[in-house]
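Quick notes on the structure that follows.
Starting from 1, each residue takes its place in the sequence as its number. When a ligand or atom number is given, it counts from 1 through the structure's own listing order.
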Amino acid sequence: MQKQNGLIFAADLKERRKTLNLTRKISDYIDAVKVNYPLVLSTGAEIISDLSDITDVIADFKLADVPHINSRISKIAFNKGASAVICHAFTGEESLKSCTKTASEFDGEVYSVVNMSHPGSEDVMDSSLPKLCEISKKADIDGVIAPGNQPDKIEMIKNKIDTKILSPGIGAQGGKGKKAISAGADYIIVGRSIYDSTDPVKSAKKIRDNIKMYYSNE
Ligand code: C5P
């Protein structure tokens, strides 16, 4: 994924045409589109190929299975045209390595989830954060997912692992793009604040411009 905008669109919609049209319209403001179960289960895996004609696709299936299944799912996503997959780190080094090994066959990337942005995530994930970073490092991942609505966590993660940070939790979940970036995030991931807004294209541009202004001031 080439960094030009620092913004990743979380396309958590259910309609194929709407998703493709919107992604096309905002393609100048994003570096990738992230697909999750709502979209892929509603429209089918071909949506990955269709979107990959527009921009890079990150397959966010939060893989958390035994190694050979993680590997099979990653392979399908990469074969469909995904540039990256997202995997949970809590299933351990071997499961995560099955994804990084598969990704290397496709020149793809793997991002591991080391913390989450929703209330309740702290119940289990916070105390495991150092271990999840260690597992991710050992599996040689390309980056991690860290909560953009908790800049202190981004800083903590940045100190534990020297890698790219992708941060959801911006806008609808309360996070601010600039704060996440200044805490160390490389990209912000935004869904509802774009696709639920009255003018999604304008919103995407505004969100991109906000963080871009910050980059140019760095
Ligand atoms: O609509 P919103 O911007 O809150 O969407 C956030 C997206 O990021 C969703 O696709 C969600 O699955 C994902 N995500 C998240 N928190 C994480 C990891 C992924 O919100 N820790």
Side-chain angles (χ1 to χ4, degrees), residues 1 5-14 18-19 22-23 26 29-43 47-48 51 55-64 77 82 84-91 96 99 109-126 128-129 132-133 136 141-154 156-158 161 163-181 183-198 200 203-204 206-208 210-211:
M1 177 168 53
N5 296 300
L7 175 61
I8 295 165
F9 174 45
D12 296 322
L13 295 161
K14 290 190 289 186
K18 187 174 173 188
T19 302
L22 177 53
T23 306
I26 63 172
Y29 311 131
I30 60 175
D31 292 328
V33 58
K34 184 178 82 65
V35 301
N36 199 335
Y37 293 108
L39 181 66
V40 174
L41 294 179
S42 303
T43 63
I47 192 77
I48 297 176
L51 284 167
T55 185
D56 282 359
V57 180
I58 302 176
D60 180 10
F61 301 136
K62 295 192 183 65
L63 298 173
V85 294
I86 296 180
C87 307
H88 266 296
F90 72 77
T91 45
L96 203 46
C99 300
E109 292 185 316
V110 175
Y111 296 99
S112 70
V113 180
V114 293
N115 205 262
M116 293 186 79
S117 51
H118 64 293
S121 150
E122 65 281 3
D123 291 349
V124 174
M125 294 193 93
D126 279 11
S128 308
L129 184 58
L132 296 174
C133 289
S136 300
I141 47 81
D142 299 279
V144 295
I145 309 294
N149 52 353
Q150 297 168 56
D152 54 322
K153 294 264 182 64
I154 297 178
M156 210 185 286
I157 291 162
K158 190 104 196 156
I161 180 165
T163 192
K164 256 186 283 183
I165 297 184
L166 279 51
S167 287
I170 306 298
Q173 296 185 57
K176 301 263 178 271
K178 276 190 193 177
K179 280 194 182 162
I181 299 282
D186 297 281
Y187 297 84
I188 57 168
I189 299 173
V190 181
R192 285 166 291 177
S193 295
I194 295 175
Y195 64 73
D196 273 350
S197 98
T198 47
S203 297
K206 195 172 164 195
I207 293 166
R208 190 284 307 260
N210 263 334
I211 54 172

Next on the checklist: Looking at Asp12, is its backbone amide N or carbonyl O close enough to the side chain of Asn36 to form a donor-acceptor pair, meaning the two atoms are under 3.5 Å apart?
Outcome noted: no
Checklist entry - Under 3.5 Å, side chain of Ser128 to main-chain N/O of Val124, donor-acceptor pair present? => result yes
Checklist outcome for this item: Here the salt bridge (Lys or Arg N to Asp or Glu O under 4.0 Å) pairs for residues 31-42, sequence neighbours left out, are Lys34-Asp60
With the criterion set at N/O pairs under 3.5 Å, what does the list of contacts between the protein and ligand 1 look like, atom names and distances included?
| from | atom 1 | to | atom 2 | distance (Å) |
| --- | --- | --- | --- | --- |
| ligand 1 | 1 (O) | Arg192 | N | 2.8 |
| ligand 1 | 1 (O) | Arg192 | NE | 2.8 |
| ligand 1 | 3 (O) | Gly191 | N | 2.8 |
| ligand 1 | 4 (O) | Gln173 | NE2 | 2.9 |
| ligand 1 | 4 (O) | Arg192 | NH2 | 2.8 |
| ligand 1 | 10 (O) | Asp12 | OD1 | 3.4 |
| ligand 1 | 10 (O) | Asp12 | OD2 | 2.6 |
| ligand 1 | 10 (O) | Lys34 | NZ | 2.7 |
| ligand 1 | 12 (O) | Asn36 | ND2 | 2.9 |
| ligand 1 | 12 (O) | Lys62 | NZ | 3.3 |
| ligand 1 | 16 (N) | Ser117 | OG | 2.7 |
| ligand 1 | 20 (O) | Ser117 | OG | 3.3 |
| ligand 1 | 20 (O) | Gln173 | NE2 | 3.0 |
| ligand 1 | 21 (N) | Ser117 | N | 3.4 |

Checklist entry - So among Leu166, Ile145, Leu51, which one has a side chain to side chain contact (heavy atoms under 4.5 Å, CB included) with Ile58? => result Leu166
Item to check | Tyr37-Lys62 side chain donor-acceptor pair, cut-off 3.5 Å | outcome: no
Next on the checklist: Taking side chain to side chain contact (heavy atoms under 4.5 Å, CB included) as the criterion, tell me which of Asn210, Asn5, Ile165, Ile207 meets it with Ile188.
Outcome noted: Ile207
